[in-house]
Amino acid sequence: MTHRFAGSSVSTIAAAFVLTAVCGAFAQAQAPAASGAEPTDPKATEQWEPVPAIVTLGNTDAAPPSDAIVLFDGKNLDSWETAKDHSPARWKVHDGVATVDKSTGNIQTKRRFRNYQLHVEWRVPANITGEGQFRGNSGVFLASTGGGDEGYELQVLDSYDNKTYVNGQAASLYKQTPPLVNAMRPSGQWQTYDIVWTAPVFAADGKVTSPAYATVFHNGVLVQNHTQLKGETTYTGWPKYKPYTDAPIKLQAHGDPSPPVDFRNIWVRKLD
Ligand code: MG
């Protein structure tokens, strides 16, 4: 059908749109195929439908767009649970912030997600101590496959002036891919992660048919560019995939002895 667009008059194109819409084959009318005779009419390569949905932006850059699911707005952790036993999340909420409670462990969303855009803000406290992996260690697990550290961790750490293995610094996909650059602000200041997560796809027998990908901006700077993951991020050994279809998003209560990290303003947009 798309070959009919080549060299067509405007009215013929319009008629073709109507016809295909009526036939229920609307998708075919969206974009002319890049095959056959190349159109000489510039209108033949215009796409008019479907029109992208309008989202209303927040009043500030930090506010979520209208189609976002707000996971934490500073008031409570009602959208979260303790990862290990699904009991209510018990991290302390104060001053619009949720602070990691290392004694109660990781927390995760009650809802499960597949492909999404995620916004997270986090802050290493100004009184941070320690070095290497023991300095403001936390993490955002882009898909949680267990109550511990199972899943795919985007590292949270004080990497402003703190040497560690580079595939374990802030904005690394832990033990797999270092960030492209270090976009860290100093401790005491808020950091943003804006993430696009493409979940892995598994066949019925558990084999990976499409790997996971993560794109990450740290404080607005691209640090992971459609990075392919080799499997779940693991502290010891090689990454391996474990089949799942949808999963919670999880925040890490790392056991390092340094003062705990704060989180605020967390929202997600489903991309399924
Ligand atoms: Mg971590």
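One-based numbering, in listed order, for ligands and for the atoms of each.
- Ring planes of Y152 and W197: tilted class, angle from 30 to 60°.
- Linking ILVMFWY residues whenever their side-chain heavy atoms come closer than 4.5 Å, directly or via other members, leaves V70 and I195 in distinct clusters.
- In the displayed structure, K92 atom NZ is contacted under 6.0 Å by at most 12 heavy atoms of other residues, nucleotides or ligands.
- Partner of V140 under the side-chain contact (heavy atoms from CB on, under 4.5 Å) criterion, out of V216, I266, V156: V156 alone.
- Here F217 contributes atom CZ and Y193 contributes atom OH; the two are 14.0 Å apart, rounded to the nearest 0.5 Å.
- Ordered by chain and number, N137 OD1, S138 O, E153 OE2, Q155 OE1, Q252 OE1 make up the set of protein N, O or S atoms under 2.8 Å of the Mg ion (ligand 1).
- Of the possible polar contacts, one joining the K250 side chain to the E150 backbone as a donor-acceptor pair under 3.5 Å is found.
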